[in-house]
Amino acid sequence: MTHKHDKKSMLSQGVFIFVYLAVLTGLEFFVAITFNSVAVLVAVALVKAVLVVYYYMHIYELNADGEGDENSYEYKTGTNRLGLWLFLISDSFVFGGLMVMRMNLLGLTRPHLNQTLGLLVTAVLLISSFFMNRGETMMKNGDRKGFLNSTLITFLLGLGFFIGVVAVEWRLAAHEGLTPTSGPAGAAFYMMTGMHAFHVLTGLIFLAIVWINGRKGLYDEKHYPVEAAAVYWHFIDVVWIFFYPALYLVGAVVG
Amino acid sequence: MLRKNSLGSGFLYLLIAGIIGYGLGLGLDLLIMGSLRFTAPVPSAFTLLFSFTAFFFGVYGYRGITRGLVFQIVGTLVGGFLVTGIRALMGLTLFGGFFFTEPAWVFGALVGVVSFLFGVGVMDDWVKWARGIDTPEHHEDEPGWEKYFGVSLDHKVIGIQYTITALFLISVGGLFALIFRTELAASGLQFLNVEMSLFGQNGPQLYNTLMSLHGMIMIISILLGVSGIINYVVPLLVGAHDMAFPRMNAFAFWVAVPASVLLLMALVLGGFDTGWTGYPPLSAKAPVGMQMFFLGVFTAGWSSILGALNVIATVQRMRAKGMTAWRLPIFVWAAISTSIIALTATQLIGLSFQLVMFQRLFGMGFFDAAKGGNPVLFQHLFWFYSHPAVYVFVLPGLGIISELLPVFVRKPLFGYRWIAMSSLGIALVGFVVWAHHMFVSGMNEYLRVPFMYSTMLVAVPTGVKFFSWVATIWKGKITTPTPMLFVLGAIFVFLLGGLTGPPNAMVSVDLHLHDTYFIVGHFHDTIFGGFVFPFFAAIYYWFPKATGRRMNEFWGKVHFWLMTPSFLFLTFGMMRVGLLGMRRRIADYDPLLGFDFTHLLLTICAFGIALSVLIFFINFFHSITKGEKADGNLWESRSPEWLVPSPMPVHNYEVPFEVVGEPYDYGLPGSKYIEFVPAKGGKH
């Protein structure tokens, strides 16, 4: 698949990628409840992450802007892209460290969690990523109204994810006896979801700012802030692509 | 009367506010504890914050850093009282010997840091951006010295701000070292004994706190010093008009200021006795000072991460025309290598400290064996940063050696590509050596040998550097002004540090040397040779670029000839007592071990170093206004920044340059590195 530039094919590409991601998530769930192979779960997560990083986050654009006067908007945008990606690389070391913590403390066991809710919030975040991509594509094609609507949906879904994890899932888990102090499983679960939720929160603030300013038409010409918000939002999704199997699917339930 | 905005009025305000703060703190403490405690944490904390802020008020007025510090104090109090209020609703204890309870202090400190950033004004542009208002990336700075006390987006101003802050912290950390070094001069506890009490700690506890803070304050000061030199020099070397992200550059500097305040707060809020490593389970039980330490390091980490990000983006995107990878100044290669580590690994020390903070605050048992946690996990996370961190310190230092050496021997740098790649090599190998700090920690034994070999591998790229330096010096026309003296000193001292490294890397030897003074001697050699000597060399070298004046040569040489022998004797002595069985991190030792005389000499040497640094400070501040004028190419360098007048113009190069040859071809007839070519558009 190449990256085409007319509006229609860009939008339909977003749909295709979303379908792949949804199918892979289903496959993941299926693998987890049937033969629970860690290798397959890791492989599926990696494929999902690569799809998001390439098609939704457009990592290839890092190579695209060598041209232009150093003071031009295009050149600065290229520098900004590099800066954002460097930040994401740095940030991913936090999540990598949390993953190491989880593997060290829990190994191939996992906490007892509500599977339906886990799959639901994962789906909500995935759908929000789809709408984010849709909104960004629309903005690049000059469709401000479409962009605003899609971003609003993204924001609401993101808010839903946040509430789903922090307000519902945490309460349910605590009700089942999984509290931050109950043991390594509780500590790892609350720390990982908490750190991720913190990033979701910052992403929501970023989306809100972009939506409000976008409504004033500030990004009609210079739409890098929209792209940055989108890339950051997809990054949060990529983190969850790894955290979801790590917390809900891998290994056997204890406690 | 005193002039407004002068050092004099600064010290006057410091005194007045210090007394007010002390009285206030004493009163509050009396209210809570019911007895007058003159050296308790609360009056000390108030004195520290009030006097520190008032000093800047006297010097600079209510703006910039003063406003930031006021915001930090108010923010800390607001955050603290908020948590205290919530605790009141929950029916928990409200106040204690440290005034606030621990959760209140932690939240308050966090709010304080954020408040500082808003108060100092570094967030202004971003707030405007969020409201949809465009701001320029270049502000007009105030003329003169005053611009250094407020937010400036100019990389040269920020570089100097970093350097001065680093020098301030170096003297604080050095002062701590002198205090506990004096205690070690003879066996038995002389003045840091159990009868004394300061900041709620008795003598041996205070020894532990000072020793721990000496480590971390020096580390932070080195990180800031590295950032200072890189910030000032790298854009000049690559021909950029500024860093890639000037606002973030300012943010990265200013976030280090509240971090330093938090580190000093750790001293007065009960201290901590874990050493700079902060291992749990001890760090999970230390007083509230531990939390201030964690927060301070966590905050300073952001400075390092964002600074590194900026360096990589600047070099990648803003190089002059014709500056290909193999024509990049060698210091820039070092800056890139160091930034790769700082950008990524720093997150892990932040995370490890954060996990201990949460373990203390919420009872999450990450490292609590009783709750199924694993204390060794902390060490893995911690050392994953903290070993590469030493390469963050030394790589820029080694880069300075390679950058300056050809200038003073008038010969091409030997093996340019090998040096460039060795910096990168050290950085990358540095990621897989961390567990050599843990040979005795009880980690899985099968990890020992692989980490032993990976550690020894570091000697290969380091050896490449030494080979190149020696070959560069070989048959050169050597001149020895002060910067060159420090470069040569750095090579010698770092060689000693390097040679004492491989023995520690070997598991069989390390089992005996671990936690002895031999290790202390070894790492002081590496850090002095890899950072402190080159840092001074860089300051002596680029000082004329920043000020248009040079530092005094005579006193520079006195600085060198006093510091070097004192330092060499100090570390040799440390290694000797270490081999004879002296443990590190302890306030006392058995007189029967027979170290008393050596320790006395070591203490004298430590004071020798302190005196030499004092000479440096006087020379430094004196030369800023009174030094001999030097506005040309003082060192006859080929580097572009020396081909324009000093001090450096505000927007760097009026006429951009193009690279047309090799950077270090000193002494080759007809060779040319750069050419100034006016841009077609007429803008820089």
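Chain letters run A, B, ... following the sequence lines, proteins first and then strands; every chain starts at 1. Any value given below was found using the heavy atoms of this structure, including those in side chains, with hydrogens, waters and symmetry copies removed.
- Of the residues B/Trp383, B/Tyr385, B/Tyr391, the one that meets the side-chain hydrogen bond (donor to acceptor under 3.5 Å, both in side chains) test with B/His387 is B/Tyr391.
- In terms of non-hydrogen atom pairs under 4.5 Å with chain B, the most contact-rich of A/Gly96, A/Gly83, A/Ser92 is A/Gly83.
- Residues B/Pro640 and B/Phe676 approach most closely at O-CZ, 4.3 Å, considering heavy atoms.
- Only the side chain of B/Phe384 has a heavy atom closer than 4.5 Å to any heavy atom of chain A.
- Taking the six-membered ring where the residue is Trp, A/Tyr54 and A/Tyr60 present tilted rings, their angle falling between 30° and 60°.
- For B/Trp434 and B/Phe451, the ring centers sit closer than 6.0 Å to each other.
- Proximity to chain A involves both the backbone and the side chain of B/Phe366, based on heavy atoms less than 4.5 angstrom apart.
- Only the backbone of A/Ala188 comes within less than 4.5 Å of a heavy atom of chain B; no side-chain atom from C-beta onward does.
- At a 4.5 Å heavy-atom cutoff, the contact between A/Tyr219 and chain B is made by side-chain atoms alone.
- Between A/Phe161 and A/Trp240, a ring centre-to-centre spacing shorter than 6.0 Å is recorded.
- For A/Phe206, the part sitting under 4.5 Å from any heavy atom of chain B is the side chain, from C-beta outward, and nothing else.
- Between chain A and the options B/Leu306, B/Leu343, B/Ile312, the largest number of non-hydrogen pairs under 4.5 Å is found for B/Leu343.
- For A/Phe95 and A/His199, the gap between ring centers is short of 6.0 Å.
- The ring of B/Phe298 has its center no closer than 6.0 angstrom to the ring center of B/Phe353.
- Looking at B/Leu348, the atoms closer than 4.5 Å to chain A (heavy atoms on both sides) all sit in the side chain, from C-beta outward.
- Only the side chain of B/Gln354 comes within contact range of chain A, with at least one heavy atom under 4.5 Å from a heavy atom of that chain.
- Interface remark: A/Met195 contributes side-chain atoms only to the contact with chain B (heavy atom separation under 4.5 Å).
- There is no side-chain donor-acceptor pair under 3.5 Å between B/Thr135 and B/Trp129.
- Residues A/Thr202 and A/Tyr232 meet the side-chain proximity criterion, which asks for heavy atoms closer than 4.5 Å.
- The candidate from A/Leu82, A/Asn104, A/Leu218 with the greatest count of non-hydrogen atom pairs under 4.5 Å with chain B is A/Asn104.
- Options A/Leu105, A/Asp91, A/Val100 differ in how many heavy-atom pairs under 4.5 Å they form with chain B, and the most are formed by A/Leu105.
- The most heavy-atom pairs under 4.5 Å with chain B, out of A/Ile205, A/Thr179, A/Leu98, A/Ile89, come from A/Leu98.
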